[in-house]
Protein chains: 2
Amino acid sequence: MGVKERRTREKEQLRRQILAAARELFVNEGYENVSMRKIADKIEYSPTMIYLYFNGKADLLDSVCQETLLNLLNTFELLKKDKSDPVENLRKSGKAYVEFGLKYPQDYKLTFVVRPQYQKGLGLPEGSVGERVFNYLSAMVSECVRQKTFRQVDVEITGQALWSAVHGVTMLLIDFPDFPWTAKDKLIDTVIHTMIGGLKA
Amino acid sequence: MGVKERRTREKEQLRRQILAAARELFVNEGYENVSMRKIADKIEYSPTMIYLYFNGKADLLDSVCQETLLNLLNTFELLKKDKSDPVENLRKSGKAYVEFGLKYPQDYKLTFVVRPQYQKGLGLPEGSVGERVFNYLSAMVSECVRQKTFRQVDVEITGQALWSAVHGVTMLLIDFPDFPWTAKDKLIDTVIHTMIGGLKA
DNA sequence: TGATATACTTAACGGCGTTAAGTTAAATTA
DNA sequence: TAATTTAACTTAACGCCGTTAAGTATATCA
């Protein structure tokens with residue numbers, strides 16, 4: 001009687017196969033240059049089959065983005081363990097955030113630019129991965145204030161400001177790769193260092 | 001013999017008409033949801049006629065963005081007169097930049113996100129409007145350093161870092177309007193104030 | 001074994017950016 | 001003024017696209 005189970009497993013596997021193909025194509029060719037037909041070709045099924053597993057192209061995008069956010073969260077969790085120097089942790093996290101964006105630029109834009117464009121009216125749903133990422137950032141700011149390395153800033157708004165800064169440098173480096181940046185790495189460090197400097201007691 | 005002149009004038013006028021229609025549609029419906037046919041419909045010409053005035057859809061986008069950059073530059077020029085307090089000038093300019101983005105969010109995204117996506121390999125061409133905008137920012141930083149209000153920072157990289165910060169907060173406020181921001185105005189001020197704080201001597 | 005449900009495909013709809021070829025009307029020339 | 005050239009614009013088409021309705025084959029179940 002393991003028939004249903006096997007079928008479910010097979011469906012799940014195919015679903016993942018579609019998702020993997022979609023991710024690879026979205027990342028390499030850009031969302032709008034990828035057609036359902038191309039995705040179908042890649043996995044050697046007919047285009048319409050995809051609609052039995054996803055509601056459409058936008059839904060595929062959405063699922064890809066969810067995975068991306070989970071990856072980002074994992075990157076952060078790795079840094080979470082070290083409790084010694086909260087400011088240094090914050091700096092490292094900021095750097096990790098930007099580097100994550102530059103490593104998966106298409107994913108990053110998919111998540112933080114394209115998706116909100118296609119999925120209007122999304123805040124940060126309670127318990128969502130996005131919320132957890134942001135909470136992690138706020139917690140680090142809070143720790144810096146508690147240790148009196150930072151002056152008595154509003155933790156919430158400071159978290160948002162830091163997010164703004166790292167998001168900005170990430171976006172510019174992704175969108176204008178041919179801009180005459182003095183040095184990309186130096187720019188990232190400068191943005192983070194300047195923000196942290198402006199928060200110190 | 002004013003025939004040629006009149007013809008030139010008429011062509012110019014039609015060109016502007018196309019551009020205005022394209023801008024309105026791009027802004028209201030999003031670049032990828034606008035077709036050449038829709039633009040043509042709006043101005044009551046055949047779609048192919050547009051190709052006699054522009055090289056294609058991406059070229060139309062390019063021209064629309066040039067206009068936006070000119071508008072941004074004009075906004076800055078209005079602030080340029082006051083020479084008394086360069087730090088205050090920088091703060092005001094940053095605020096003006098973000099407010100420009102929020103006032104014309106779609107135009108802003110068209111220029112700083114969508115355009116680079118469709119027009120790969122654009123740096124800052126010599127004498128371009130983009131270059132003038134960026135030079136304006138750098139000049140202000142330079143003045144702050146000269147007056148010793150800022151420490152001896154690299155002017156170029158600092159300009160880029162400031163641009164990153166204001167771009168970031170602009171983008172987040174545009175893309176996540178429903179995020180529980182503590183207060184949008186306060187956030188903008190915090191980002192700018194924190195960056196400036198981190199640059200002071 | 002025959003009925004039923006599931007997984008997948010074929011064919012089509014309307015729309016897209018863009019191009020080649022054709023048409024019409026105005027300006028120029030003889 | 002009549003013929004010719006030139007410019008402005010349109011028609012028709014190509015090969016794509018996302019998505020849906022209808023159809024087919026295969027595996028499961030009674």
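Each chain gets a letter, A, B and so on, in the order the sequences are listed, and its residues count up from 1. Hydrogens, waters and symmetry mates are skipped; everything else that's a heavy atom, side chains included, is used. None of these values were measured; they are calculated from a predicted model.
Scanning both residues, B:Ile39 and B:Ala21, for their nearest heavy atoms gives CG2-CB, 4.3 Å. Residues A:Ser46 and A:Ala40 share a closest heavy-atom pair of C-CB, 3.7 Å.
Aromatic ring orientation, B:Tyr97 versus B:Phe112: tilted (interplanar angle from 30° to 60°). Between A:Tyr108 and A:His167, the ring planes lie tilted relative to each other; the angle falls in the 30° to 60° range. Using cut-offs of 30° and 60° for the angle between ring planes, the B:Trp163 and A:Phe176 rings count as tilted.
Across all strands shown, A:Ile39 has no heavy atoms under 4.0 Å from either base or sugar-phosphate atoms. Note on B:Thr48: a base of the nucleic acid sits closer than 4.0 angstrom, heavy atoms only. Here A:Leu60 lies out of heavy-atom contact (under 4.0 Å) with every strand. Counting non-hydrogen atoms under 4.0 angstrom, B:Phe54 reaches nothing in the nucleic acid.
Summary of the strand contacts: A:Tyr51 and B:Lys11 both lie near DNA chain D, and taking for each the nucleotide with the nearest heavy atom, the more 5' one is attributed to B:Lys11. In this structure, A:Tyr53 and A:Arg37 both approach DNA chain C, and ranking their closest nucleotides by distance from the 5' end singles out A:Tyr53.
Nucleotide C:dC16 holds its P atom 6 Å from the NZ atom of B:Lys38, rounded to whole Å. Between A:Glu32 atom CD and D:dG18 atom C1' there is a gap of 14 Å when expressed in whole angstrom units. When rounded to the nearest whole Å, the span between CD of B:Glu44 and P of D:dT10 equals 11 Å. Rounded to a whole Å, the CG atom of B:Asn55 is 9 Å from the P atom of C:dT19. Whole-Å rounding puts the B:Tyr45 OH to D:dA7 C1' distance at 14 Å. The nearest whole Å value for the distance from the CG atom in B:Leu52 to the P atom in C:dG17 is 16 Å. The distance from atom CD1 of B:Ile43 to atom P of D:dA8 is 15 Å, rounded to the nearest whole Å. For the pair B:Leu14 CG and D:dC9 C1', the computed distance is 10 Å after rounding to whole Å.
A:Ser35 has a side-chain polar atom (N or O) that falls below the 4.0 Å cut-off from OP1 or OP2 of D:dC17.
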